[in-house]
Amino acid sequence: MYDPRNKKLELLTFQAFERRLSANHPMKQTVLKDLKIKQAEVSGENEIKYRLRLIDKQKFMVLHNLRLQDEDGHFQMDTLILSKFFNNIVETKNWTVRFGANGQVTRIDNDGLKEGFQNPIDQVKIQALRLKRWLKNHHFPDIPIEYLAVISFPKTIIERETPQDIIPHELIHSSDLVFRIQDIEKKYNKPILSKSQVHRLARLLEHSHCPVEVNLFEKYGVRSIDIVKGVFCTQCGTLPMSRFNKKWYCRSCKHVSIDAHKQALRDYRLLFGEWITNKQARYFLGISSPDVTKNLLRKECTEMIGKNKGMRYRLG
């Protein structure tokens, strides 16, 4: 099972960004709300992966979070299942869906807020149309493309406004996903692709994936000075801990740690990149001594380039 774009790194970056954003920043609550959405996305993705562990790996290849380019821009698929007989797009949803008259869809989030939303079946049908066109442009045989919209969590409700409103057959709970794939499989008995073509297609999709690079600082109008510095207490979360005699001390709960700086350096890497100087590390960790900082960086970093004050360390 191949995952060209694991959302875990996105989530870790978002968590570091929220954790380090000043509590009185005007965008703090917006960031918190969006972080909850991101956490639900990752949880939903993990639920789908968990369900798909039961499918026959000899028959199917599974790719997650694909974003492809075509003549109309980019289109994204949460999950794409490849086989010799058909392809299947799975669009994941993490919220309560209510269907009304004429296909009107209402999304209800965990806080009970309601808003009109694009019909998830229409969304995945468009993805299927664009994928079919993409495959044709890349000279692959015309293979059937199935599609499903999957509510990732079993407790999430699929509702209808009135008994007369229709819930689409393609909208299912994740608990039914493997069984629905088995039902779809029964529809096809003539292979369109060879096994080698399926693998070649998977490699091409991997190579063609166009990840979205989101700059959280730009998105929320946050400056680097709005990011709080220092080492969080690993026991109570208080900021900052103080460095003394090769240990970190929390003034609030009196906790002592020898490696509390590791999380701070991970935060720095996620937010500002993998390279750091001694001066930058001193500022971010709240250490005054260049020698103490140098010793910490030499232990934590995988590579060093430059000399003297121009020395840069690569965070692992």
Side-chain angles (χ1 to χ4, degrees), residues 3 5-25 27-28 31-32 34-36 38-43 45-46 49 211 213-217 220 222-316:
D3 186 350
R5 189 66 171 102
N6 193 319
K7 289 186 178 181
K8 184 178 179 180
L9 181 60
E10 291 182 53
L11 178 59
L12 290 173
T13 303
F14 218 137
Q15 289 172 331
F17 185 76
E18 186 280 324
R19 180 166 54 245
R20 293 275 171 180
L21 183 60
S22 173
N24 59 1
H25 193 279
M27 294 301 292
K28 182 70 172 185
V31 171
L32 270 170
D34 290 350
L35 174 58
K36 290 181 181 179
K38 180 62 65 177
Q39 289 170 329
E41 287 180 5
V42 173
S43 296
E45 176 186 290
N46 291 337
K49 288 180 180 179
E213 298 296 335
V214 178
N215 186 315
L216 295 176
F217 288 90
Y220 295 103
V222 171
R223 302 165 299 171
S224 60
I225 60 173
D226 297 322
I227 297 298
V228 295
K229 316 304 187 293
V231 174
F232 284 98
C233 175
T234 53
Q235 186 74 23
C236 71
T238 298
L239 187 77
M241 297 187 85
S242 301
R243 182 78 177 176
F244 181 70
N245 285 343
K246 299 183 178 181
K247 294 179 181 179
W248 294 96
Y249 294 86
C250 177
R251 299 173 184 173
S252 179
C253 71
K254 311 306 179 185
H255 177 66
V256 180
S257 172
I258 61 173
D259 59 1
H261 59 278
K262 290 186 175 182
Q263 181 61 59
L265 291 175
R266 282 193 289 268
D267 285 353
Y268 185 95
R269 187 184 191 281
L270 289 166
L271 297 176
F272 300 109
E274 60 185 353
W275 291 98
I276 190 170
T277 65
N278 189 295
K279 182 178 180 180
Q280 289 168 333
R282 295 200 310 273
Y283 175 64
F284 196 76
L285 297 175
I287 299 175
S288 59
S289 169
D291 291 333
V292 170
T293 305
K294 180 175 69 174
N295 290 333
L296 283 179
L297 290 175
R298 286 182 179 273
K299 291 178 181 178
E300 302 299 332
C301 296
T302 59
E303 184 181 349
M304 297 174 287
I305 59 173
K307 294 181 179 180
N308 301 322
K309 291 186 178 180
M311 176 78 75
R312 294 196 302 156
Y313 301 82
R314 188 172 191 173
L315 297 169

Tell me, do [X] and [Y] make a side-chain contact under 4.5 Å, heavy atoms counted?
X    : Y    : answer
I287 : L296 : yes
E10  : T13  : no
S252 : C233 : no
Q280 : Y313 : no
F17  : V222 : yes
H25  : Y220 : no
H261 : R243 : yes

For this session: Please identify each residue that fulfils salt bridge (Lys or Arg N to Asp or Glu O under 4.0 Å) with E274, with sequence neighbours left out.
Result: R269, R314

Exercise. Which residues satisfy the salt bridge (Lys or Arg N to Asp or Glu O under 4.0 Å) test with R251, sequence neighbours excluded?
Worked result: none

Say you draw a straight line from [atom1] of [X] to [atom2] of [Y]; how long is it, rounded to the nearest 0.5 Å?
X    : Y    : atom1 : atom2 : value
M241 : T234 : CE    : OG1   : 5.5 Å
K36  : E18  : NZ    : CD    : 10.0 Å
I305 : R312 : CD1   : CZ    : 4.0 Å
N308 : N278 : CG    : CG    : 11.5 Å

For this session: Count the heavy atoms of every other residue, nucleotide or ligand shown that sit under 6.0 Å from CD1 of I258, and state whether that count exceeds 12.
Result: no

Exercise. Quick check: are there more than 12 heavy atoms from other residues, nucleotides or ligands sitting under 6.0 Å from NZ of K262?
Worked result: no

I'd like to know if the side chain of [X] reaches the main chain of [Y], judged simply by a donor and an acceptor atom lying under 3.5 Å from each other, with no hydrogens or angles considered.
X    : Y    : result
D34  : V31  : no
K28  : S22  : no
K254 : Y249 : no

For this session: Could you tell me how the ring of F272 sits relative to the ring of F217: parallel (under 30°), tilted (30 to 60°) or perpendicular (over 60°)?
Result: tilted

Problem set entry | For L265 against L315, the heavy-atom pair lying closest together | O-CD1, 3.7 Å

For this session: Please report the closest heavy-atom contact between G230 and L239, naming both atoms and the distance.
Result: C-CD1, 3.5 Å

Exercise. Can you list the residues that meet the side chain to side chain contact (heavy atoms under 4.5 Å, CB included) rule with R19, with sequence neighbours excluded?
Worked result: Q15, A16, F232, Q263, D267

